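Working notes, beginning with the structure itself.
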Amino acid sequence: MKRTNIVLLLLVLLMACNGPKKITTADQPAAADLVRFGKLYGSVYMQRAAEYRALCFQAYNIARLRLDNILITTSTKPRAIITDIDETVLDNSADEVHRDMRNKPFDPVEWNKWTSMAAADTVPGAVSFLTYAASKNVEVFYITNRDEKDRAGTLQNLQKYNFPNADNAHLIVRQNTSVKEARRQQVMADHDVVLLLGDNLGDFSALFDKKTYDERLTSVEQSAAQFGNRFIVLPNPIYGDWENALYQYKQLTPAQKDSAVKKWVKDY
Ligand SMILES: [Mg+2]
């Protein structure tokens, strides 16, 4: 037998012995990985689905239509828009992926490192819409649950993309509570707030704060006419009070979160 034939025969025998690669438990998500993998899947949707971009454009196109209608009317106070930042005008999905790929929990110190990098991308349509609003003398206020430590990086990130009113006077960060109502009232005291933009119901009204799963659904039903009218909602499949409500706003371990999610999903 020629040497090349012997080599080929040995290769065939070797492949036959090994067979196709078997899927082991190590290849499958561990029991406590359901939520982490879900967040990765949500992140890749935000980063790669053209449909996500289309949804964001849809939200900002509606915002512009609403603004044009409002601008026809008169107002006694200067007009303003209140917008959230994270997952409304800035996209932090890269930070989420960084954490999930390394199986790390959310950590405020690491979060501050991320915000200090001023590396978040923009949410599609955000710069264009807010620039348009500013061109119509509508002030933009950023009410965010980033805190004082995040201020410099946040302003740098917003300024990098030429967001309007990206200054200390218009950036209202979290002081002692993540609830935004008092900060909204502060802006409303001397402005006619015409639109609110956000990815989380708490960005719009106190009506939605710290509500249970059932109460959130009821409150949304009651406010149905406000969406696409005064409230403009951006999609966030990764996190938010929708998720916290499933956990009853408790601090849970990854395994406890996975169990909770399994209880909430609808099967048949
Ligand atoms: Mg947000």
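Indexing begins at 1, ligand by ligand and atom by atom, following the structure's order. Note that this is a predicted model, so its numbers are computed, not measured. Along the sequence shown, the residues carry numbers beginning at 1.
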Open item on the list: So, 2.8 Å as the limit: is an N/O/S atom of Asp203 located closer than that to the Mg ion (ligand 1)?
Closed with: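 No - counting backbone and side chain alike, Asp203 has no N, O or S atom under 2.8 Å.
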Open item on the list: I'd like to know if the Mg ion (ligand 1) has an N/O/S atom from Asp86 within less than 2.8 Å of it, counting both backbone and side-chain atoms.
Closed with: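 Short answer: yes, at least one N, O or S atom is under the cut-off.
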TODO: Take the Mg ion (ligand 1) as the vertex and measure to OD2 of Asp84 and OD1 of Asp199; round to 10°.
DONE: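 With the Mg ion (ligand 1) as the vertex, the angle is close to 80°.
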Open item on the list: Could you go through Asp167 and His170, starting from their C-alpha distance and side-chain angles, then the distance that decides it, and tell me whether this counts as side chain to side chain donor-acceptor pair (under 3.5 Å)?
Closed with: CA-CA 6 Å; Asp167 53 44; His170 293 83; 2.6 Å; yes
TODO: For Ala166 and Leu158, work out which heavy atoms get closest and say how close.
DONE: CB-CB, 3.8 Å
Open item on the list: What I want to check is whether the side chains of Asp68 and Tyr132 have a donor and an acceptor closer together than 3.5 Å.
Closed with: yes
Task: Test log, rule side chain to side chain donor-acceptor pair (under 3.5 Å), inputs Asn61 and Arg66 - done: CA-CA 9 Å; Asn61 287 344; Arg66 283 296 303 134; over 6 Å; no
